[in-house]
Amino acid sequence: MKRGLFTICCLLLSQLLFAQGTIDKWANQHFLKEKPLDQAHVGVCIYEPATGKYWYQYQADKYFTPASNVKVFSLFAGLSLLGDSLPSLRYFENDTALFVKGMGDPTFLHPAFQYQPAFELLQRTTKPIYLVPQVNLNKRFGSGWAWNDYADSYQPELNEWPMYGNVVRIYPRGAASRMVPALYDLDITLDRSLKENGITRDERSNFFSVQYNPALGNEPYVEVPFITGGTTELRQRLEDTLHKPIGLAGQLPAGSWKLLKSVPVDTLFVPMMEQSDNFFAEQTLIMASALLWDTISTGKITDWLLETKLKDLPDEPQWTDGSGLSRYNLFTPRDYVKVLSLLRTQFGQEKLWNIFPTGGKGTLKNYYQQQFVHAKTGTLNGVVALSGYLVTQKKKTLIFSVMVNNHHGSATAVRRAVEQLLTMIYKQY
């Protein structure tokens, strides 16, 4: 019996050494010499959870800017803390009034989500409604975000009670251009010199403009973030939407507050991961913070997670935001392997396979057509990352993270080089 066990261990060790040698040789001869990786900072970590062994590590303990790979950590936070459905509102109702407080739910009146329990609660009540300000320690933008992306669809403002995804949808139709919802001013200007329709917002106000050329075709719609403002502006938007007065609460009545939940969490996490939705990722951390402490603080929730549920990460990360827009984020490839291992252990492979994008879907639409990876992409200027799970032809499940920083070339070329490395591993093992 002992002899048989010894033989099995020797066989596994020889297979591991063979895998390590093959990957190392291929990486040195091909992957690391590919342009533009040959002048970039590269980190790779490949791990087999069944044996607890690392198949390959290259600068796996070095820190990298992860871009949208941060959403893997936001997913861990959401799955660990939010339960089965998103927290939508805290509310208290007595004989004379309904008091409500936002929890950061990004699905409120978002066109992608038909189930709207919070809106239905506010709509059907016949009592006066009072808005209770949430304690919000965040700014409207994340730390380290680019200020001049304020009008780009991927960077909506963050707040305690999002409405419509905190964007307006502008339909460029020349003189018939329109905004949905029609909350703000829209200026339409004819400019035949434009090579494309220009849709912008004033930096410091909710004044939107469409500069159009009637000879050009029209986009279906363009999403442009609006300035959310504070409690007063939120109250006004609620009044405009509900067509009923909303008061601001002063002294709160004594009583037990109830929690109203909205959509199942996976209906948010799937687009967050497949489409790399920055807004959903940021609001996931906001909801987790509001649920735990009735206070919104991205810094508080990330620090708490790193001190508790993620205290065993091999390297202490610098975790700044939920989306990866910030260049202040710093993580190592082996940090990603660890959190991906925790996700798989705690929530199961089947659930994760339904949440993480695979080949031909979302941000992996043009890659991994054999669908052997389930992984999250990350892209900023000079940054490409991919972290997730790989199932080989022989049905071995591996956990990997590949991070590339400071490349000076095509992001597509980097992605293809990573695809070649992972495809080689998929076919060999």
Side-chain angles (χ1 to χ4, degrees), residues 78 81-138 140 156-168 180-184 206 226-265 267-268 279-280 282-297 301:
L81 300 174
L82 296 185
D84 59 355
S85 300
L86 302 182
S88 187
L89 296 178
R90 290 197 195 275
Y91 69 99
F92 173 78
E93 190 170 11
N94 58 22
D95 293 339
T96 58
L98 173 66
F99 299 86
V100 291
K101 181 189 294 188
M103 297 283 287
D105 180 5
T107 70
F108 183 75
L109 297 182
H110 193 294
F113 298 90
Q114 298 303 309
Y115 181 51
Q116 295 289 331
F119 180 74
E120 292 169 6
L121 172 69
L122 299 174
Q123 195 174 47
R124 70 171 176 261
T125 186
T126 57
K127 299 175 181 178
I129 301 172
Y130 290 91
L131 177 63
V132 180
Q134 178 65 272
V135 178
N136 188 353
L137 305 182
N138 280 4
R140 61 190 179 119
E157 294 186 7
L158 314 176
N159 70 331
E160 67 192 68
W161 194 328
M163 296 179 65
Y164 314 104
N166 284 353
V167 298
V168 295
V180 177
L183 296 173
Y184 307 109
N206 282 319
F226 57 78
I227 297 173
T228 57
T231 304
T232 300
E233 289 78 12
L234 172 58
R235 181 188 65 81
Q236 291 172 345
R237 284 194 298 275
L238 285 170
E239 284 189 336
D240 289 344
T241 300
L242 293 166
H243 306 296
K244 60 172 69 175
I246 306 291
L248 288 179
Q251 185 173 358
L252 299 181
S256 300
W257 287 73
K258 296 180 180 179
L259 177 65
L260 179 68
K261 292 200 166 189
S262 64
V263 300
V265 292
T267 61
L268 184 83
F279 184 60
F280 291 170
E282 295 294 343
Q283 296 292 143
T284 293
L285 295 186
I286 285 174
M287 287 185 287
S289 176
L291 191 61
L292 286 186
W293 302 297
D294 207 19
T295 296
I296 290 173
S297 173
I301 192 66

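Residues that satisfy the side chain to side chain contact (heavy atoms under 4.5 Å, CB included) test with L292, not counting sequence neighbours, are L81, I301, W304. Every salt bridge (Lys or Arg N to Asp or Glu O under 4.0 Å) that E93 has, sequence neighbours left out, goes to K127. Contacts of K101 classified as side-chain hydrogen bond (donor to acceptor under 3.5 Å, both in side chains), with partners at least two apart in sequence or in another chain: D294. In this view, D84 and K261 satisfy the salt bridge (Lys or Arg N to Asp or Glu O under 4.0 Å) rule, not counting sequence neighbours. Residues satisfying the side-chain hydrogen bond (donor to acceptor under 3.5 Å, both in side chains) criterion with N136, sequence neighbours excluded, are absent altogether. For Y130, the ring pair (Phe, Tyr, Trp, His ring centres under 6.0 Å) test picks out F99, with sequence neighbours left out. Evaluation of the side-chain hydrogen bond (donor to acceptor under 3.5 Å, both in side chains) rule for D105 yields S88, T107, S262 as partners, not counting sequence neighbours. Evaluation of the salt bridge (Lys or Arg N to Asp or Glu O under 4.0 Å) rule for E160 yields no partner, not counting sequence neighbours. Applying the side-chain hydrogen bond (donor to acceptor under 3.5 Å, both in side chains) rule to N94 yields the partners T96; only residues at least two apart in sequence or on another chain are considered.
Residues L291 and R90 come closest through the heavy atom pair O-NH2, 3.2 Å. Nearest heavy atoms, P181 versus V168: O-CG1, 4.1 Å. In terms of heavy atoms, L238 sits closest to F108 at CD2-CE2, 4.2 Å.
Judged by distance alone, with hydrogens and angles left aside, the side-chain atoms of E233 form no donor-acceptor pair with the main-chain N or O of T228 at under 3.5 Å. A donor-acceptor distance shorter than 3.5 angstrom exists from the side chain of Q134 to the backbone of G102, with no hydrogens or angles considered. Side chain of S289 to backbone of S297: a donor-acceptor contact under 3.5 angstrom is found. R235 places no side-chain N or O within 3.5 Å of a backbone atom of G230 that could act as its donor or acceptor partner.
With values rounded to the nearest 0.5 angstrom, L98 atom CG is found 10.5 Å from L131 atom CG. The CD atom of Q236 sits 11.5 Å away from the OG1 atom of T241 when rounded to the nearest 0.5 Å. Here the CG-CG distance, from L82 to L268, works out to 8.5 Å after rounding to the nearest 0.5 Å. With rounding to the nearest 0.5 Å, the separation of NZ in K258 from OH in Y91 is 4.5 Å. From L89, atom CG reaches atom CG of L122 across 6.0 Å, with rounding to the nearest 0.5 Å. R140 contributes atom CZ, which lies 11.5 Å from atom CG of N159 (distance to the nearest 0.5 angstrom).
With a 4.5 Å cut-off on side-chain heavy atoms, R237 and F226 count as touching. With contacts defined as side-chain heavy-atom distances shorter than 4.5 Å, the pair F92/V132 does not qualify. You'll find the side chain of Y164 reaches within 4.5 Å of the side chain of L183, heavy atoms only. L259 has its side chain within reach of M103: a pair of non-hydrogen atoms, C-beta onward, lies under 4.5 Å apart. Residues L234 and I246 have side chains not in contact (no heavy-atom distance under 4.5 Å, counting atoms from C-beta outward).
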Hey, mind stepping through I296 and L137 against side-chain contact (heavy atoms from CB on, under 4.5 Å) and telling me if it holds?
CA-CA 6 Å; I296 290 173; L137 305 182; over 6 Å; no

For V167 and F279: C-alpha separation, side-chain torsions, deciding distance, then whether side-chain contact (heavy atoms from CB on, under 4.5 Å) applies.
CA-CA 10 Å; V167 298; F279 184 60; over 6 Å; no

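Listed by first and then second residue, the side-chain hydrogen bond (donor to acceptor under 3.5 Å, both in side chains) pairs that reach into residues 110-122 come to none, sequence neighbours excluded.
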